[in-house]
There are 2 protein chains.
Amino acid sequence: MTSSTPARPPGRPRSGINDVVFAATLSTVHELGYARATVERIAAATGIAKTTIYRRWPTKGTLIVDCLLDAFGPVPLEGDSRAEIMSSAIRWIAGKIGEPGVGDAFAGVFSDAVSDPGLREVLSSRLQDPYRLALQDALGEPEHRILFLIDVVVGTLLHRMGMTGEPMVDDDVDALVEMVLPFFH
Amino acid sequence: MTSSTPARPPGRPRSGINDVVFAATLSTVHELGYARATVERIAAATGIAKTTIYRRWPTKGTLIVDCLLDAFGPVPLEGDSRAEIMSSAIRWIAGKIGEPGVGDAFAGVFSDAVSDPGLREVLSSRLQDPYRLALQDALGEPEHRILFLIDVVVGTLLHRMGMTGEPMVDDDVDALVEMVLPFFH
DNA sequence: GAAGTTTCGATACCCAAGGTTTTGAAACCT
DNA sequence: AGGTTTCAAAACCTTGGGTATCGAAACTTC
């Protein structure tokens, strides 16, 4: 049982700066927008070296994805009925995308992924798949229906964000829920 | 009335190369993706100089928007009922986004616009507004409802395109129509 | 305490791509 | 012929993602 708690690996341990980097990433994206939130600026905002960021995240895209994973956390799948579960999930992701920097970062990394199959794979497997699986389980729907649901909800929220620069207002989120729910009876 | 038909401006007239540039833009984007479809490569594909492109379009974003305007053309608002009009419009834009290069170009310029308020303005006023006004007129819906409709339809189609790299299949476009129509009675 | 290993900060660097500038020639007008 | 605009070609600038190097710091084990 010597490896049940694997010994700390040799060498200098990493300092616990991930949270600081995530916070600086979101605030920098919020202030300057996605494209002008360069890795150099994010590093400067945290006070650490750019090389340290690239040692932990191989690309800017993976940094943003990890940052979003940290910002989102697990889906709260609350509610007694399927309708309540879907409704709360939609409002939850709408609220998250409305948080400062989150929507910009999401839309930005999403757009980078369009021309970058590697990043698309990261986005799909690390960010989308966990939520897709949780929703499949909670709603008892087949994969392609959940993928369609995610396309509709996230696509709509990001399109509004990208077109106006502002997150979707609550009235329109209500409309989104009202439109989606009947389709998934 | 000497200026009713304004005289041709002095100097060497522009050669009619816009169509060639648009075609080369779409094919280059289709082959290499949006980010790798550089202005230099597009120019090389047409055989004209990069400076000629920048003389006609101030930025890559405006070139792409003009290219999309040319590729889309006017919305066909056919059908006797509101349902038929909406259905045909949704299938029309889905088909256009599925054409080679169009979806990539659309998603790419859209994502650039996230961090670029100037490009966002161009995208909104030159590309979205004409279709929004035509739909408002044809469907008799207020502006915010049409904006919501565009967010849902275009957002969903682009999210699928960005996440998978492939346009949405017909079955899912059918589902999109089926979901949207009842909401707009 | 010394050797080995890994992280850190700093700096310099490479490369791609958007965009500008310059120059000389060509095409059109009056 | 002179004025004006467009064109192609080339050099150039800047930004930003990502890499390479180096010495110092922080741990481990022997």
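Hydrogens, waters and symmetry mates are skipped; everything else that's a heavy atom, side chains included, is used. Proteins get letters first, then strands, A, B, ... in listed order; numbering begins at 1 in each.
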Looking only at N and O atoms, is any donor in the side chain of Arg12(A) or the base of dT6(C) less than 3.5 Å from an acceptor on the other one?
no
Under-3.5 Å donor-acceptor pair between Lys50(B) side chain and dG19(C) base:
yes
Whole-Å distance separating the [atom1] atom of [X] from the [atom2] atom of [N]:
X: Asp112(B); N: dG18(C); atom1: CG; atom2: P; value: 9 Å
X: Arg55(B); N: dT21(C); atom1: CZ; atom2: C1'; value: 12 Å
X: Lys60(B); N: dA17(C); atom1: NZ; atom2: C1'; value: 8 Å
X: Ile53(B); N: dA17(C); atom1: CD1; atom2: P; value: 15 Å
X: Tyr54(B); N: dG19(C); atom1: OH; atom2: C1'; value: 5 Å
X: Glu40(B); N: dT20(C); atom1: CD; atom2: P; value: 14 Å
X: Asp116(A); N: dA16(C); atom1: CG; atom2: C1'; value: 14 Å
X: Arg41(B); N: dG18(C); atom1: CZ; atom2: C1'; value: 13 Å

OP1 or OP2 of dT7(C) under 4.0 Å from side-chain N/O of Arg14(A)
yes
OP1 or OP2 of dT7(C) sitting under 4.0 Å from any side-chain N/O of Arg56(A)?
no
What I want to find out is whether Arg126(B) reaches Asp66(B) closely enough, with some N-O distance under 4.0 Å, to be called a salt bridge.
yes
Any salt bridge between Glu141(B) and Arg82(B), counting N to O under 4.0 Å?
yes
Distance from Leu147(B) atom CG to Met163(A) atom CE, nearest 0.5 Å?
9.0 Å
Please report the interatomic distance OG1(Thr46(B)) to CD1(Ile53(B)), rounded to the nearest 0.5 Å.
5.0 Å
If you pin Ile48(A) and Pro13(B) to their nearest nucleotides in DNA chain C, which one's is more 5'?
Ile48(A)
What pairs with Tyr34(B) under ring pair (Phe, Tyr, Trp, His ring centres under 6.0 Å), at least two apart in sequence or on another chain?
none
DNA chain D: 5'-most and 3'-most nucleotides touching chain B, 4.0 angstrom heavy-atom criterion
dT4(D) to dA10(D)
Looking for any heavy atom pair under 4.0 Å, which part of the strands does Thr59(B) touch: base, sugar-phosphate only, or nothing?
sugar-phosphate
Scan Ser15(A) against the nucleic acid and name what it touches under 4.0 Å (heavy atoms): base, sugar-phosphate only, or nothing.
sugar-phosphate
Is any side-chain heavy atom of Glu31(B) closer than 4.5 Å to one of Thr28(B)?
no
Taking atom types as modelled and ignoring hydrogens, do the side chains of Ser87(B) and Arg91(B) form a donor-acceptor contact shorter than 3.5 angstrom?
yes
Would you mind telling me which residue lines up with the more 5' stretch of DNA chain D, Pro10(B) or Ala35(A), judged by nearest nucleotide?
Pro10(B)
